[in-house]
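I have placed the structure first, in the form of structure tokens, so that the comments after it can refer back to it.
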Protein chains: 2
Amino acid sequence: MSRTNVVGDALAQLSFLVYGTLERLAAEHGLSIPQARLLGILRDRTPTMIELAKLLSLDKSSITGLVSRAERRGLVKRTPSATDRRSTTVRLTRNGRALVSRAATQFETQVSAFLDCLQPSERGHLTNLASRILAAHASSRDIDLFPATRPDAPHR
Amino acid sequence: MSRTNVVGDALAQLSFLVYGTLERLAAEHGLSIPQARLLGILRDRTPTMIELAKLLSLDKSSITGLVSRAERRGLVKRTPSATDRRSTTVRLTRNGRALVSRAATQFETQVSAFLDCLQPSERGHLTNLASRILAAHASSRDIDLFPATRPDAPHR
DNA sequence: TATTGTTATACTCTATAACTATA
DNA sequence: TATAGTTATAGAGTATAACAATA
């Protein structure tokens, strides 16, 4: 990271700080980053295996193992699709939801802790800037950030 | 990562975006994230295996394989320590240095591209906020993917 | 024929424990 | 004894290719 790329450098380092925080926190709950991401996605979605593959940018064969390991631990559950007998939907169990809720709360606490050096209004501004970067990127890739608010997302 | 965890959600997703960018970019060069981190560290250091373990927060036994795979590809080289016959120092080869330099340049370009959706003044504000967070934690964590390099110190 | 999901396979990455060589 | 490094082993995570069941 050179001096000529101050913005990119700061963004990258901030991202690594947050990523590392999430990684350590997930580990305290016996979760890897992929497992934590899976549970995080399932908090407000009930996707099929294929949809999970797209959301996580992984091959469908990788999803099989990821979901199976989570299922073996009782954190998620496979359910046959009602409309397509080829499809399987994945959802959190009660235990899985409790775990991801605890972890998310702690994560929020830790992130807030290292935002202590900012004023409340600055924290809001940071959230706003981050959200806009994400929105711009998501729209450029046709990814659905808030599926619950979209009634009928057409598939490509 | 629910909607109520606004700050944590936005920062977590932003970190996945940046991390994923590095992952894809590294993959284009045939590198994994751990391999990229290894090469990044070696850009301005010639550590022993034990020192690498500390820098990467990995067990020494993990370093053995990491370095061996990089060495097999001709990217790094093991050299016996001159002062301690138990020790091995690791350094980049010419090819390894060329590879990590190309990758780092591309990474900077892509991260900068995320910021195109912001106004220049907003980019400045983001830099300010991120830098202050990082400064408050400068000593707490060493993610160190591509360590901030001095202006243009010549490598030997 | 196309899509959904799993299986078989191979590789990287990681840690723990046991080991060798050197200090 | 203590430290540096490797090896043996086990498991998670990932992709590719081949496959079965369903659309």
Side-chain angles (χ1 to χ4, degrees), chain A residues 19-20 22-24 26-41 46-91 154-156, chain B residues 16 19-20 22-41 46-73 75-91 143 145:
Chain A
Y19 194 93
L22 185 54
E23 196 163 40
R24 284 189 302 280
E28 288 176 18
H29 293 275
L31 295 175
S32 63
I33 289 275
Q35 290 288 332
R37 294 187 70 191
L38 171 64
L39 299 190
I41 282 176
T46 305
T48 65
M49 300 294 278
I50 286 284
E51 287 165 351
L52 276 176
K54 185 177 179 188
L55 288 163
L56 290 167
S57 297
L58 295 175
D59 189 84
K60 57 183 178 167
S61 65
S62 302
I63 304 299
T64 296
L66 201 61
V67 168
S68 293
R69 287 185 291 273
E71 196 171 31
R72 197 183 313 143
R73 292 183 53 188
L75 303 175
V76 309
K77 174 175 63 173
R78 281 177 168 94
T79 307
S81 163
T83 58
D84 185 338
R85 287 194 308 187
R86 296 172 302 179
S87 267
T88 303
T89 59
V90 184
R91 70 189 68 231
H155 282 264
R156 32 178 284 120
Chain B
F16 289 139
Y19 197 89
L22 179 57
E23 200 161 38
R24 282 190 303 279
L25 181 61
E28 287 176 19
H29 294 275
L31 295 175
S32 62
I33 291 274
Q35 290 288 331
R37 293 186 67 193
L38 170 65
L39 300 190
I41 281 177
T46 306
T48 65
M49 301 292 280
I50 287 285
E51 287 166 352
L52 276 176
K54 284 177 185 151
L55 288 164
L56 290 166
S57 298
L58 296 175
D59 189 84
K60 57 183 180 170
S61 65
S62 302
I63 304 299
T64 296
L66 202 60
V67 169
S68 293
R69 287 185 291 273
E71 194 171 32
R72 197 185 310 143
R73 293 184 50 190
L75 302 175
V76 310
K77 173 175 65 171
R78 279 178 168 95
T79 308
S81 163
T83 58
D84 186 337
R85 288 195 308 189
R86 295 172 302 180
S87 267
T88 302
T89 58
V90 184
R91 70 191 64 227
I143 296 295
L145 277 160

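Model, not experiment: these values are computed from the prediction. Chain letters run A, B, ... following the sequence lines, proteins first and then strands; every chain starts at 1.
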T48(B) side-chain N/O to T89(B) backbone N/O, donor-acceptor pair under 3.5 Å: no

Value in whole Å for how far the P atom of dT14(D) lies from CD1 of I33(B): 12 Å

Rounded distance in Å - CG (L52(B)) to P (dT6(D)): 11 Å

Side chain E23(B), main chain I33(B), donor-acceptor under 3.5 Å: no

Letter per nucleotide, 5' to 3', of nucleotides 4-9 of chain C [B base touched, S only sugar-phosphate touched, - untouched; heavy atoms, 4.0 Å]: BBBB--

Backbone N/O of L58(B) and side chain of S62(B): donor-acceptor pair under 3.5 Å: no

Whether Y19(A) and Y19(B) hold their rings parallel, tilted or perpendicular, with breakpoints at 30° and 60°: parallel

Position toward the 5' end of DNA chain D (nearest nucleotide), P34(A) or T83(A): P34(A)

Inter- and intrachain pairs under salt bridge (Lys or Arg N to Asp or Glu O under 4.0 Å), touching residues 69-83 of chain A, at least two apart: E71(A)-R78(A)

L39(B) CG to Q35(B) CD distance, which is reported to the nearest 0.5 Å: 6.5 Å

N or O in side chain of R85(A) less than 4.0 angstrom from dA23(D) OP1/OP2: yes

Length of the line joining E71(B):CD and dT12(C):P, which is rounded to integer Å: 15 Å

Residue-phosphate contact under 4.0 Å: R69(A) side-chain N/O, dG13(D) OP1/OP2: yes

